[in-house]
Amino acid sequence: MLEKTYDPRPVEEARLASWDAAKLSHSEPRDGGRPYTIVIPPPNVTGALHIGHALNNTLQDALIRHHRMLGVQSCWVPGCDHGGIATQNVMEKQLKAERVDRHALGRDAFLERMQIWTRDCKKTILGQLHRLGASLDWQREAFTMDEPRAKAVYHAFKTLWERGLIYRGERLVNWCVRCATALSDIEVEREERKGALYHIHYRCEDGSDGIVVATTRPITMFGDTAVAINPKDDRWKHMVGKKVLIPFIDRAIPIVEDLYVEFELGTGALKVTPAHDQNDWELGERHKLAVIKAIGPDGKLTEAAGPYAGLSREKAHDQVVADLEAQGFLRKKEAHKSAVQTCDRCGSAIEPLLSLQWFVKQTELAKAPLQALDAGEFEIYPKNWEKPYRDWLVNIKDWCVSRQIWWGHRIPVWYKDGEEPLVSLGSPGALWTQDSDVLDTWFSSALWPLSVFGWPDQTKDLAYYYPTSMLVTGYEILYLWVARMQMMGHAFMGKPAFPVAVMNGIVRDKSGKKMSKSLGNVIDPLLMMDTYGTDALRFALMAQAHPGKDIAFDEQSVVGARNFVNKLWNSTRFVLMNLPETAPVGGYKLEKLSSCRLETVDSWILSRYQATLAKARASLDAYDPAAAAGALYAFLWDEFCAWYIELAKSRLLGIDGEGKENARTILVQVLTGSLKALHPVMPFVTEEIYATLKAYAGESAQFVIKGGYQKLDGDWSNPEIEKEMSKVMSAVTKIRSLRSELGVPPGLKIKAFAEGPFAQAVIGKHRAYVSSLAQLESVEAVCGGRPPRSAAAVADGVTFFIPLSGVVDFAKERERLAKDLVKAEGDIVKCEEKLCNLRAAASAPEQKVAQAKEQRDDALARRDRLQETIAVLS
RNA sequence: GGGCAGUUAGCUCAGCGGUAGAGCAUUGUCCUCACACGACAAGGGUCACAGGUUCAAAUCCUGUACUGCCCACCA
């Protein structure tokens with residue numbers, strides 16, 4: 001016998017062990033049919049998994065299990081990402097805590113520590129995925145910096161180099177002073193900060209009045225090489241051709257004319273600093289201006305800043321502003337909001353800096369992904385992300401791939417005096433030195449769908465598993481990762497890496513705020529699993545995972561899911577209690593049902609069951625697990641448990657052998673089929689239950705996955721029966737409601753009388769249903785006469801009278817009826833309106849008219865009955 | 001500045017052309033022989049606002065107002 005309450009922990013441990021032992025999640029290439037393949041978005045080795053990972057991976061696991069249930073060979077590849085800057089930052093923090101300087105430690109020792117950290121971190125992460133029930137193909141574990149992946153990176157770099165798509169050049173790049181490295185454009189975030197706009201006067205070299213420029217960053221003036229004005233601006237026309245002097249350092253710079261300059265902004269005169277601003281850089285190119293660096297890679301001012309050289313950006317700013325003011329250069333200071341660029345890894349301000357970097361040309365590589373999108377060979381769910389994706393590819397800029405950090409794939413380029421740079425995996429000789437930079441971590445991530453299957457080698461795996469079937473990831477890395485995988489996929493395999501990408505939302509806290517350590521609102525998935533069970537966490541996440549939508553995560557949702565797991569557990573307990581100790585040969589099969597003993601509720605639950613399985617299946621196929629989870633939850637709780645089990649009880653306890661067998665069969669089959677449908681979302685409890693039920697269901701598969709989904713023979717859909725049952729349910733609900741309002745004790749059996757057009761239909765055929773569910777001692781039909789001093793429950797086409805025998809307050813009862821009357825009258829008006837509308841419209845379908853008429857008549861009958869009752873009670 | 005979402009019960013969200021739904025929370029009654037992680041019932045919403053299309057709009061269209069996200073070179 002099962003325990004009264006489901007205890008997840010021992011079940012999860014035992015199930016994981018048995019799945020592992022059976023290697024259920026392992027796949028090998030085989031003949032016939034395409035496999036269903038997903039590569040995991042490899043988590044960075046920066047620490048433990050968070051709740052967002054739980055969502056992302058549960059979604060993938062549900063899809064993988066779904067396909068295994070369908071009998072499709074499925075492969076889900078696990079692995080981690082070395083995580084470049086993000087991971088190096090973690091290590092630097094550790095070192096800082098130990099008061100160790102990275103440079104004093106040295107590159108080799110540092111990397112050694114990184115390797116140890118990575119090893120531990122991978123273990124943690126993969127362990128957590130395992131605990132989550134993720135049915136990854138553990139033998140295929142990959143890491144973006146292991147040897148096979150390093151080979152792929154090198155090969156990709158070399159190939160792109162040979163195709164002329166990689167170049168090295170001095171460009172203005174996003175420089176993070178804190179991380180001391182260049183960043184690509186999409187690793188930069190923008191943040192609106194309050195600052196000031198400083199109007200600064202530049203004297204004229206010839207001693208005449210000069211010009212006023214406006215800037216948010218006065219310290220960049222030491223890098224100015226011109227002041228630009230609009231050629232149509234009469235205010236400054238007279239300055240053209242003259243030279244002005246930069247304050248404090250008195251370097252003379254020319255006034256140039258350029259249409260880029262706008263009249264209204266600032267003073268209409270723009271100081272031009274090509275070394276520290278993208279626009280100024282372009283303007284400088286047009287006018288052949290000199291490039292002077294005022295700020296160095298360390299964030300300190302350079303020699304060009306004269307007396308301010310060596311000061312940090314912040315100190316220099318304060319000092320320069322103070323001096324400008326003191327010496328009368330500052331003409332005006334106004335409040336100003338400006339977009340400050342920050343590093344997405346450490347949050348410090350980005351400095352546009354001129355430096356020598358490696359780039360990947362993007363325009364050519366973006367062509368094939370664009371075509372694939374247009375041809376429908378690649379789709380993004382939800383669809384509205386396709387436009388931003390396209391726009392990004394269309395307006396794409398070259399990708400700066402070199403990073404001045406230590407943790408990553410070292411750029412495979414070697415230099416020697418007097419020789420051309422050489423691309424080589426290993427050292428070409430003692431006199432050669434390797435480029436000290438490493439590649440952007442996304443370079444290796446971009447190759448992930450290829451590299452995990454052995455590319456560049458033309459392996460059997462690659463041929464079998466590539467292209468993958470789909471990808472699940474967050475929309476925040478749509479460009480950073482998804483687009484680049486597609487570019488690489490096309491570039492090296494001539495095919496998209498996957499035909500579908502599903503965007504999962506961000507898991508936020510319950511008030512919708514992003515989770516962060518500093519806010520203290522982080523939810524630890526492990527804690528949720530420990531407290532409520534893994535199935536509960538998975539179900540809670542899936543029940544809210546509408547495509548592309550963020551989730552406001554409330555722990556209460558896991559409580560609800562835990563309760564549902566327990567409900568499932570207990571309904572199984574009930575079913576088992578009502579089955580013989582040993583299963584009959586062949587089990588309880590639907591085809592063995594005795595059709596002459598099939599009751600309304602049997603046909604009804606089978607009809608609902610069929611509809612629910614179809615809905616769950618279609619929802620998963622449409623990447624909407626929330627809809628699938630919702631359909632199964634509602635079916636099992638509100639239909640199967642609330643009605644079917646209740647109505648089956650009398651037969652299970654009764655003496656009618658065939659009736660009992662019918663009920664047992666349906667209980668076993670519907671429960672088994674439903675838990676199989678739930679298996680992709682809650683694998684543990686369903687596996688456990690399946691083990692106890694399968695013999696009764698006539699199945700012998702060792703695991704749910706092996707058995708596959710329930711195959712439903714025949715069409716059980718039955719709208720007529722559903723309608724009939726809804727009348728019974730309406731009757732029961734109305735009587736219960738009346739009892740509750742009248743304060744009739746729940747256990748007390750009472751007499752009832754029924755009247756109305758459907759009275760015979762309901763109490764004739766379904767007297768037993770109504771009596772047992774509404775706790776009636778008896779229910780008889782009456783014609784025309786209503787019993788004296790009785791209350792009425794007006795249901796769908798039937799009115800039930802309950803003699804009150806002096807227990808009830810008549811005034812209170814009248815009040816209640818008056819309320820119902822208002823509702824009934826409102827309904828009549830609405831139905832009349834609708835009917836009127838439908839009649840007026842030539843196009844209105846006849847079926848709709850009939851339906852509306854029925855609704856109207858029902859409301860009318862209800863009103864009459866209520867009025868009558870009120871009269872009786874007055 | 002451009003684009004994309006969202007605005008429905010106290011909270012979190014479904015519904016997306018025909019009489020307003022769920023879960024949680026709240027209230028009441030029950031430890032009824034599967035489950036108190038339960039049962040039964042109750043209260044609670046002019047579906048952001050303004051126009052329009054339609055016989056009929058929470059649902060389609062157009063604007064407006066907030067909220068969030070993405071993108072963008074404005075000193």
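This one's a predicted model, so the numbers in the text were calculated from it and none came from an experiment. Just so you know, these numbers use all the heavy atoms, side chains as well, and skip hydrogens, waters and symmetry mates. Note on naming: letters A, B, ... go to the chains in the order of the sequence lines (proteins, then strands), and numbering restarts at 1 for each one.
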* To do: Whole angstrom is fine here: how far is it from CG in A:Leu653 over to C1' in B:A34?
  => 12 Å
* To do: Let me know the distance between NE2 of A:His546 and P of B:A14, rounded to the nearest Å.
  => 5 Å
* Taking atom P in both B:G17 and B:G23, what distance in whole Å separates the two? -> 24 Å
* Asked: What's the NZ-C1' distance between A:Lys830 and B:C55, to the nearest Å?
  -> 18 Å
* So do A:Leu197 and A:His199 actually touch side chain to side chain, heavy atoms under 4.5 Å? -> yes
* To do: With sequence neighbours left out, write down each residue that passes salt bridge (charged side-chain N to carboxylate O under 4.0 Å, His left out) with A:Glu777, or none if nothing qualifies.
  => A:Lys751
* To do: Under 4.0 Å between any heavy atoms, over every strand shown, what does A:Ser737 touch: base, sugar-phosphate, or nothing? Just pick one.
  => sugar-phosphate
* Would you mind reading off the distance between A:Met729 atom CE and B:C40 atom C1', rounded to a whole angstrom? => 15 Å
* Assign A:Trp281 to base, sugar-phosphate, or nothing according to its heavy-atom contacts below 4.0 angstrom with the strands shown. => nothing
* Structure fact -> Closest of B:A25, B:A34, B:U19 to the A:Lys834 side chain is B:U19
* Asked: Distance-only, no hydrogens or angles: does the A:His276 side chain make a donor-acceptor pair with backbone N or O of A:Gly223 under 3.5 Å?
  -> no
* To do: Could you work out which one of B:A36, B:A34, B:U19 sits closest to the side chain of A:Cys831?
  => B:U19
* How far, in whole Å, is B:U54 from B:U12 if one measures between their P atoms? -> 38 Å
* Check each of A:Asp224, A:Asp277, A:Thr225 against A:Lys271 using the side chain to side chain donor-acceptor pair (under 3.5 Å) test, and report the only one that passes. => A:Asp224
* Asked: Start at the 5' end of RNA chain B and walk down; is the nucleotide closest to A:Ala552 or to A:Lys734 reached first?
  -> A:Ala552
* Does A:Lys749 make a side-chain N or O approach to OP1 or OP2 of B:U32 shorter than 4.0 Å? -> no
Show each protein N/O and nucleotides 7-11 of chain B N/O combination with a separation under 3.5 Å, one pair to a line.
none

* For A:Glu646, which contact category applies under a 4.0 Å heavy-atom criterion: base, sugar-phosphate, or nothing? -> base
* Across the strands shown, which category fits A:Glu741 at heavy-atom distances under 4.0 angstrom: base, sugar-phosphate, nothing? -> sugar-phosphate
* Asked: Parallel, tilted or perpendicular for A:Trp637 and A:Tyr633, by the 30°/60° rule?
  -> tilted
* **Check: A:Asn578 main-chain N/O paired with A:Arg664 side-chain donor or acceptor under 3.5 Å** => yes
* Atom-to-atom span, CG of A:Leu636 to P of B:C37 - whole angstrom -> 20 Å
* Asked: Can you tell me how far C1' in B:A9 sits from the matching atom in B:G44, rounded to whole Å?
  -> 6 Å
* Is there any salt bridge (charged side-chain N to carboxylate O under 4.0 Å, His left out) pair reaching into residues 629-650 of chain A, and which pairs are they, with sequence neighbours excluded? -> A:Arg608-A:Glu639, A:Glu646-A:Lys649
* **Watson-Crick or G-U stems involving RNA chain B, each at least 3 pairs long, distances under 3.5 Å, ordered by first number** => B:1-7 with B:65-71, B:10-13 with B:21-24, B:26-30 with B:38-42, B:48-52 with B:60-64
* To do: Output yes when A:Arg286 and A:Glu282 qualify as a salt bridge under the 4.0 Å nitrogen-oxygen rule, no when they do not.
  => no
* **Residue-phosphate contact under 4.0 Å: A:Lys823 side-chain N/O, B:U19 OP1/OP2** => no
* Produce a footprint string for nucleotides 68-75 of chain B: one letter per nucleotide, 5' end first; B if the base is under 4.0 Å from any protein heavy atom, S if only the sugar-phosphate is, - if neither. => --SSSBBB
* Look at all strands and tell whether A:Leu478 reaches a base, only sugar-phosphate, or nothing, counting heavy atoms closer than 4.0 Å. => nothing
* Of the residues in residues 559-567 of chain A, which ones touch RNA chain B at a heavy-atom distance under 4.0 Å? -> A:Arg562, A:Asn563, A:Asn566, A:Lys567
* Could you check whether the rings of A:Phe564 and A:Phe539 sit parallel, tilted or perpendicular, using 30° and 60° as the cut-offs? => tilted
* Given atom CG of A:Asp624 and atom P of B:C13, what is their separation to the nearest angstrom? -> 15 Å
* Any side-chain donor paired with an acceptor under 3.5 Å for A:Asp550 and A:Tyr475? -> yes
* To do: Check A:Arg863, A:Arg862, A:Gln855 against A:Asp827 for a side chain to side chain donor-acceptor pair (under 3.5 Å) and give me the one that passes.
  => A:Arg862
* Asked: When the distance from CE of A:Met577 to C1' of B:C33 is rounded to whole Å, what number comes out?
  -> 7 Å
* Rounded interatomic separation in angstrom, taking CG from A:Asp638 and C1' from B:A39 -> 13 Å
